[in-house]
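The sequence lines fix the lettering, A, B, ..., with proteins before strands; numbering per chain opens at 1. Everything quoted here is computed from the prediction, not taken from an experiment. Any value given below was found using the heavy atoms of this structure, including those in side chains, with hydrogens, waters and symmetry copies removed.
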Amino acid sequence: MKILTHPTSSVDSTMMFIFVAAVLTMPIWLTPIGAAYPDLMQRFVIFGLFATGFNILFGLTGYLSFGHAAFLGIGSYTAVWSFKLLGMNPIPAAIFAVVVSGVFALIIGYVSLRRSGIYFSILTLAFAQMCYAIAYSDLIGKFLGINLTNGETGLRVLADDPRIMDGVLTSGIDTSALTVNLFGLDLTHTWVWNGFQFNAGFYFCAFVLIIASYIAMRIFRSPFGLMLKAVKTNQNRLNYTGVNTKPYTLAAFVISGMYAGLAGALLCITDPLAGAERMQWTASGEVVLMVILGGMGTLMGPMLGAGIIKFSEQKFSTWGKPELHEFLAFIPDGIRDTVVSVASLFVGSGWHLTLGLVFMLIVIFLPGGIVEGGRRILMIVTGSNRRNRQIQAAAQAAE
Amino acid sequence: MAILQVRNVNKRFGGLQALNDVNLSVEQGTIHAIIGPNGAGKSTLLNCFVGRLTPDTGSVMFNGKSLLEITPHEINQAGVSRVFQTPEIFTDLTILENVMIPTFAHRDGSFKVNWWPRVDKEAQTRDHAMSVLDEIGLVDKKDVVASALSRGDKRRLEMAMCLAQDPKLLLLDEPTAGMSRADTNATIDLLKRIGKSRGITKVIIEHDMHVVFSLADKIAVLAQGAVIAEDLPENIKTDPRVKEAYLGEEAVA
Ligand SMILES: Nc1ncnc2c1ncn2[C@@H]1O[C@H](COP(=O)(O)OP(=O)(O)O)[C@@H](O)[C@H]1O
Ligand SMILES: [Mg+2]
């Protein structure tokens, strides 16, 4: 008989503590595996945030959105506009990005949630592609006669932008470099200690991720989160139980849209540039992969999934035959050429092939993702026969 | 006083007259049984009470308020809970969570973004859910995932979910179907008990004559969408029209 027990608050606190420690020490423990570049670490954290928010919608309610990259892009554009108008401080940029993406999520969610299942997914996809087209051709900007998204070139901060708060907040500091700064602290700055690189921008993003993860944890364990899980299991019963499921799903949609907008704003910290490609459907699909790979409906899974995908992207997409020869040096010379030429299909521009294969293996053999895999290993190791709930595969969840 | 008043309800599915000018009056605090052969329209009638279907004509009044213009969750918040013919439960969640959800819905209303407190620290809701589970005999299985329950236990869980809301009117669609004789008797006892202690009005659709005659204060007989008799159990037993339409082939318990 399937028994399910939830972590107590002290278990959650311990988990949160380990998580915070792990995030803050990333520049150290990622060094041995060659992933401690500030830029890559920021991507881990930002996409971890994106996936965590997406999981509140997809993992809890089962509604599979194929359009969340739209909110990522909206967050980026809003942030760059905040830099242009208000100044290079990331805090107003992040706040405005959350508000604006929340408003867009409210509208898009309200319409899309009139349907469920595949129709909901298609509606979100359609909305995201519309947002992409509008941003890419700057349709609204053309209509209003201003440069709203700057089309295919992308929106960036220019020297003659007003940046009205820069003079006030950072008086005496040279802000002509147009880099993002937190009350004068240049977020592109990196301190080096014993060869480890501690980057200010990374720590800003890490701080945001920690707060956002804590909020996600509260949602997961709350009565509100329980209602969202009930939506996924039996929306019909919930309606006949006196619950109006529409606002619950809409709230989940808006919250996940806000997380995406926040992630979009953070993407502009190192490079204050927003482009339409951030909204493309491939980016929407990627966050789905992250959540499923890590384990949908689990707290830490989406972050793991995001880290693994961004890490593999960085590694495999830059590899070519020389790297493969080096990596596979243990294989005898005669066979190695053949192995390398086969393997080379899966690296470089073909790394998506690897991603696709890994994804298929996970969905077929480990529908609960990496977290479920870890749980199974733990159960084998500890010999425990307590069976935890199997997290449903993506296809079923989309219902 | 009639808590539920059904007047001249008609429902047609294409060429089929599923409900034919149904009139029904359910008194406060009583158990009202609806019997009738398969396909008589019993479930269809309940669907018209909870907002799953809207009758073509007629009225359904609950406590003097029409149930026809409001949505299922509003009907439930007004005090009407239903146990379905095929159990509708949260199969991925535990028994305790299944009962806590209606308790939260009863306390917080139809929507509340209650995201800060932890479910496991909601002692009052938990205690309430546990007491209902205790009453219904599922307390030992509180951490079991609902999909793992037997058919009979799923029905009892659904009953617990409805009782957790302290409804004014409880609608039960064949609550003992798929239960063993022992479980059926336990359910009869339970329904009698809650009838007394909480004064919940119940409308119960039942096939099992033993259940019907041991519970009902009043019985309505439905045949081909029409109420052919509505009377006290002892009169129904001897009513020739009922015998002809329904009881004829079965031995009356
Ligand atoms: N949604 C529906 N659409 C079409 N026909 C229906 C629908 N619901 C019920 N019926 C038909 O109405 C009749 C009464 O069904 P029902 O109320 O389920 O009977 P029962 O008395 O066995 O509960 C049956 O013939 C059934 O096929
Ligand atoms: Mg029926």
Notebook entry, point to check: Stepwise, does the side-chain contact (heavy atoms from CB on, under 4.5 Å) test hold for Met227(A) with Ile101(B)?
Noted result: CA-CA 7 Å; Met227(A) 289 297 178; Ile101(B) 287 168; 3.9 Å; yes

Rounded to the nearest 0.5 Å, how far does [atom2] of [Y] lie from [atom1] of [X]?
{"X": "Ile75(B)", "Y": "Asn239(A)", "atom1": "CD1", "atom2": "CG", "result": "11.0 Å"}
{"X": "Thr241(A)", "Y": "Arg82(B)", "atom1": "OG1", "atom2": "CZ", "result": "12.0 Å"}
{"X": "Leu93(B)", "Y": "Lys229(A)", "atom1": "CG", "atom2": "NZ", "result": "7.5 Å"}
{"X": "Asn244(A)", "Y": "Gln77(B)", "atom1": "CG", "atom2": "CD", "result": "9.5 Å"}
{"X": "Lys142(B)", "Y": "Leu4(A)", "atom1": "NZ", "atom2": "CG", "result": "11.0 Å"}
{"X": "Glu122(B)", "Y": "Ser222(A)", "atom1": "CD", "atom2": "OG", "result": "9.0 Å"}

Select one option (side chain, backbone, both, neither) describing which atoms of [X] are under 4.5 Å from chain A's heavy atoms.
{"X": "Leu96(B)", "answer": "neither"}
{"X": "Lys121(B)", "answer": "side chain"}
{"X": "Thr91(B)", "answer": "both"}
{"X": "Thr71(B)", "answer": "neither"}

Kindly give the heavy-atom pair with the smallest separation between [X] and [Y], and that separation in Å.
{"X": "Glu88(B)", "Y": "Asn234(A)", "value": "OE1-ND2, 2.9 Å"}
{"X": "Ser9(A)", "Y": "Asp120(B)", "value": "N-OD2, 4.1 Å"}
{"X": "Arg118(B)", "Y": "Asp12(A)", "value": "NH1-OD2, 2.8 Å"}

Notebook entry, point to check: Can you tell which of Ala251(A), Gly225(A), Ala230(A) has the highest number of heavy-atom pairs within less than 4.5 Å of chain B?
Noted result: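 Option with the top pair count is Ala230(A).
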
Note to self: At a heavy-atom distance under 4.5 Å, which candidate from Phe220(A), Phe224(A), Tyr240(A) has the highest pair count against chain B?
What the structure shows: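 Among Phe220(A), Phe224(A), Tyr240(A), the one with the most close pairs to chain B is Tyr240(A).
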
Check: Do you know which of Val80(B), Thr125(B), Val113(B) has the most heavy-atom pairs with chain A at a distance under 4.5 angstrom?
Finding: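 Option with the greatest count: Val113(B).
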
Note to self: Out of Met161(B), Lys112(B), Met100(B), return the one with the most heavy atom pairs under 4.5 angstrom to chain A.
What the structure shows: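 Top count of heavy-atom pairs under 4.5 Å with chain A: Lys112(B).
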
Checklist line | Verdict with supporting geometry, Ile3(A) and Val144(B), side-chain contact (heavy atoms from CB on, under 4.5 Å) | finding: CA-CA 4 Å; Ile3(A) 305 279; Val144(B) 174; 3.8 Å; yes

Might you confirm whether atom [atom1] of [X] has over 12 heavy atoms from other residues, nucleotides or ligands at distances under 6.0 Å?
{"X": "Arg7(B)", "atom1": "CZ", "result": "no"}
{"X": "Phe104(B)", "atom1": "CZ", "result": "yes"}
{"X": "Phe96(A)", "atom1": "CZ", "result": "no"}
{"X": "Phe207(A)", "atom1": "CZ", "result": "no"}

Check: So do Val119(B) and Pro223(A) actually touch side chain to side chain, heavy atoms under 4.5 Å?
Finding: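 In contact.
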
Item checked: Cationic tip of Arg218(A) above Trp115(B) ring, under 6.0 Å, 45° of axis ->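 No - Arg218(A) does not lie over the ring of Trp115(B) by the 6.0 Å and 45° rule.
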
Note to self: Just to verify, which of Leu226(A), Val231(A), Leu238(A) counts as forming a side-chain contact (heavy atoms from CB on, under 4.5 Å) with Phe90(B)?
What the structure shows: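 Among Leu226(A), Val231(A), Leu238(A), the one meeting side-chain contact (heavy atoms from CB on, under 4.5 Å) with Phe90(B) is Leu238(A).
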
